Structures are given as structure tokens and as C-alpha cells.
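Input: a single structure, listed below in C-alpha cells.
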Amino acid sequence: MGKIDIHPYPSIDNILFVEGLKYNLLSISQLCDSGYSAPFNKDECVVKCKDESSLFSTKRKENLYKINLEELLS
């Protein structure tokens, strides 16, 4: 269990790290409980803030919605 805190984005707590898994797992229900929305379609997910501004989006790749936080900063 950990935290992602990359300025200027809001921090996300309780990120799960699973040894041997190539990815950290974000809980969509946790994001929604924190006031964000995360609508999905077959190609993309857009995570939005309470004011409906876009926090980040990601494209679906190989049946996963992958978010590279380093790419978000650039």
C-alpha cells in the first residue's frame, strides 16, 4: 500500500503494489468516493475533478487502461 504524490496533481492514497505485477492498481471506487468521476468507454477513460475539469485521460491498450504518471508530467 502506498501513495502517489506528483506535483501539480492531487495525491492518490492507498495505491496497491503487488510484487511481480508490472503495474500499480488504482481503485476506481476510491477515486469516485473522493469526488472524482471516471467514465469509461471502449477506447478511453477520462478522470474528472469535482468541477468537471479533466484530471487525466488514458487510452485502452491491450485490454487495460494504462496510466503512465511520468508521461502526464511532460
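Note that the coordinates shown come from a computational prediction; the quantities given were computed from them, not determined experimentally. Here, residue 1 is the first one in the sequence, and each next residue gets the next number.
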### Task
Please tell me if the side chains of I28 and F40 come closer than 4.5 Å, counting only heavy atoms from C-beta onward.
yes
### Interatomic distance, D43 atom CG to T58 atom OG1 [nearest 0.5 angstrom]
11.5 Å
### Query
Can you name the one residue among S37, S57, S53 that meets side-chain contact (heavy atoms from CB on, under 4.5 Å) with K48?
S37
### Task
Grab the two heavy atoms, one from P39 and one from V46, that are nearest each other, plus how far apart they are.
CD-O, 3.1 Å
### Least distance between heavy atoms, C49 atom then Y36 atom
CA-CD2, 3.8 Å
### Task
Working to the nearest 0.5 Å, report the span between SG of C45 and NZ of K66.
15.0 Å
### Spacing of R60 atom CZ and K42 atom NZ [to the nearest 0.5 Å]
8.5 Å
